Amino acid sequence: MPKITYIEHNGAEHVVEAQTGVSVMEAAVKNMVPGIDADCGGACACATCHVYVDPAWLEKTGKAEPMEESMLDFAYQPKENSRLSCQITVRAELDGLIVRLPEFQG
Amino acid sequence: MSGQAVIIGAGQAGAQGAQSLRAAGYEGRIILLGEEPAAPYQRPPLSKAYLQGTLSADRLALKPEAFYAQNGVDLRLGVKAAAIDRKNARVAIEGGEAIAYDRLLLATGAPPRRLHCPGTELTGVHYLRTIADCEGLRPVLAGARRLVIVGAGYIGLEVAASARKAGREVTVLEAQARVLQRVAGPEISAFFESLHRAHGVDLRLGAALSHFEGRGRIERAALMSGETIDCDAALIGVGAMPAIELAKDAGLAIDNGVTTDEHAATSDPAIYAAGDCASHPSKLYGRRMRLESVPNAIEQAKVAAANMAGGSLVYDAVPWFWSDQYDVKLQTAGVAEGADETVVRGDPAAARFTVWSLKEGRVLAVDAVNDPGGFLAAKKIIAAKTPLDAKTLADPATDLKSLAS
Ligand SMILES: Cc1cc2nc3c(=O)[nH]c(=O)nc-3n(C[C@H](O)[C@H](O)[C@H](O)COP(=O)(O)OP(=O)(O)OC[C@H]3O[C@@H](n4cnc5c(N)ncnc54)[C@H](O)[C@@H]3O)c2cc1C
Ligand code: FES
């Protein structure tokens with residue numbers, strides 16, 4: 001199972017073994033990683049699953065779709081490498097993925 | 001502070017309440033009672049991905065199993081609270097021993113409103129609220145010849161979309177003149193009416209159900225007009241009723257739901273309520289409202305839990321909701337009731353637009369079709385009570401992002 005590292009705003013690291021096919025958001029929720037609220041449960045409706053993808057991984061995670069992009073504009077402190085984690089599906093090639101969490105969601 | 005907090009209802013609000021009690025530093029015992037056999041789960045997929053079979057059951061759970069033990073939450077499933085004895089601060093359990101509380105959270109939700117016409121007892125007539133209901137409905141998507149849906153609210157329309165995706169013939173009966181009448185304006189209704197018709201739904205407006213007919217199994221739906229529609233399944237989606245019996249029998253104040261103050265406390269200061277069952281005073285709208293949505297259940301339960309742990313938070317979030325039908329996402333912020341003006345931004349024909357409902361230069365509500373950015377801007381504008389006139393809004397050059405920040 002691919003390993004994903006979530007780094008909280010305060011620096012706390014959580015390394016999680018994620019099932020392929022679920023989203024990076026679901027893998028966090030399933031492993032009780034704090035800092036991802038995911039109020040809509042992955043419906044791409046709430047923007048409370050915001051993460052910063054480690055720049056080294058941006059190519060593999062891919063870019064946000066236009067709808068997601070327009071939501072990120074309203075996330076707390078969006079950056080170039082912002083994504084909604086419910087829109088990234090865990091795949092074998094994401095083994096080792098690192099994402100950082102913003103100070104606040106929504 | 002130690003003690004014992006009891007939460008009645010292990011759904012969206014109940015699970016959030018347990019989590020937020022701990023987050024607020026509550027050190028007492030937490031007992032979470034759920035009548036259903038399943039641990040707290042998400043209901044939205046029950047009319048969408050889970051109904052369509054594209055989401056597995058383990059992905060419905062709101063929390064991993066380990067959450068409950070790790071947070072000292074005593075989750076008791078298949079357990080029904082039968083009564084609240086306020087004098088002795090105890091919850092009576094059906095077929096079990098009463099449980100003492102010093103803080104109680106009512107999170108009992110809102111089961112479907114039942115129809116009482118002849119034929120609702122026939123096999124093949126469904127309601128949709130729980131996993132069990134959804135599992136009853138799934139074979140219909142796999143093989144029914146025609147599904148009749150009574151009520152063109154969110155649940156009726158989402159199930160219609162899921163059933164069409166599965167290739168079923170679908171007739172939707174709506175007694176009102178337009179779909180989503182209770183929750184959306186005419187522009188949104190018109191959009192969803194053509195969307196469903198374009199996907200092959202036989203949508204009948206102003207069509208009231210009289211009753212169902214069949215021998216043991218449903219065979220047809222009879223309309224008030226005298227017309228009948230042959231079918232082998234029906235879904236009734238005519239709204240939900242707040243589960244208030246426990247509160248009412250215990251003498252708590254009721255007003256279209258368990259009455260709470262702005263701190264989510266009921267008329268008994270030891271008892272709080274959150275989610276679909278609760279009616280709260282909205283400062284933003286200057287009136288009492290009861291909402292049925294995931295965000296409301298989450299935010300209200302957070303406030304209730306923090307206050308049960310000794311805090312004094314106020315619940316005054318902007319109501320919001322989403323619905324997915326076919327490849328269309330609808331998001332609604334605010335409540336449009338009382339609006340005196342509407343402005344459409346974007347292009348309904350291109351299936352990407354927002355409808356703004358205004359009153360005296362203030363935005364009351366926004367419906368966003370395939371425009372989540374517009375929706376998030378609207379949510380901020382409504383919360384900040386940013387003054388906005390129809391002319392500015394109607395101007396495509398107006399930048400919502402800057403207005404929202
Ligand atoms: C099919 C469907 C689709 C939906 N789609 C959306 C959507 O897309 N977006 C959105 O925002 N909202 C949606 N909703 C609404 C949303 O799911 C609800 O608003 C939300 O679940 C409310 O949470 P709650 O905790 O108040 O109630 P619930 O989640 O219903 O939980 C209440 C629980 O309390 C239990 N209970 C009741 N009485 C007792 C008792 N006496 N003893 C023990 N247990 C008891 C019930 O069995 C139930 O499990 C949908 C709802 C349904 C049914
Ligand atoms: S979980 Fe709501 S947008 Fe990702």
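Model, not experiment: these values are computed from the prediction.
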Worksheet item: Side chain, backbone, both or neither: which part of B/Lys380 has a heavy atom under 4.5 Å from chain A?
Response: side chain
Practice prompt. Can you tell which part of B/Leu60 gets under 4.5 Å to a heavy atom of chain A, answering side chain, backbone, both or neither?
Written response: neither
Fill in: Structural part of B/Lys329 lying under 4.5 Å from a heavy atom of chain A
side chain
Discussion item. Which atoms of B/Ala368 are under 4.5 Å from chain A, going by heavy atoms: the side chain, the backbone, both sets, or neither?
Written reply: neither
Discussion item. At a 4.5 Å cut-off on heavy atoms, which part of B/Glu65 comes close to chain A: side chain, backbone, both, or neither?
Written reply: neither
Discussion item. Using a strict threshold of under 4.0 Å (side-chain N to carboxylate O), is an ion pair present between B/Asp276 and B/Arg129?
Written reply: yes
Worksheet item: Do B/Asp133 and B/Thr130 meet the criterion of a side-chain donor-acceptor pair at a distance under 3.5 Å?
Response: yes
Worksheet entry | Contacting moiety of B/Ala61, where chain A heavy atoms sit under 4.5 Å | neither
Worksheet item: Looking at A/Asp54 and A/Arg100, does any basic side-chain N land under 4.0 Å from a carboxylate oxygen?
Response: yes
Item to complete: Specify which of A/Ala38, A/Ala43, A/Gly42 makes the most heavy-atom pairs with chain B at under 4.5 Å.
Response: A/Ala43
Worksheet entry | Leading residue by heavy atom contact count with chain B [cutoff under 4.5 Å; candidates A/Ala47, A/Cys46, A/Pro66, A/Ala75] | A/Cys46
Practice prompt. Report yes or no: do A/Glu8 and A/His14 form a side-chain donor-acceptor pair below 3.5 Å?
Written response: yes
Fill in: Toward chain B, the part of A/Ala45 with a non-hydrogen atom under 4.5 Å
both
Worksheet item: Testing A/Ile36, A/Ile4, A/Val53, A/Val33 for side chain to side chain contact (heavy atoms under 4.5 Å, CB included) with A/Ser85, which one passes?
Response: A/Ile36
Worksheet entry | Contact class of B/Pro372 relative to chain A, heavy atoms under 4.5 angstrom | both
Fill in: Within the 6.0 Å centroid threshold, strictly below: B/Trp320 and B/Phe375
yes
Worksheet, complete the sentence: Cut-off 4.5 Å, heavy atoms of chain A, and the answer for B/Gln16 is neither
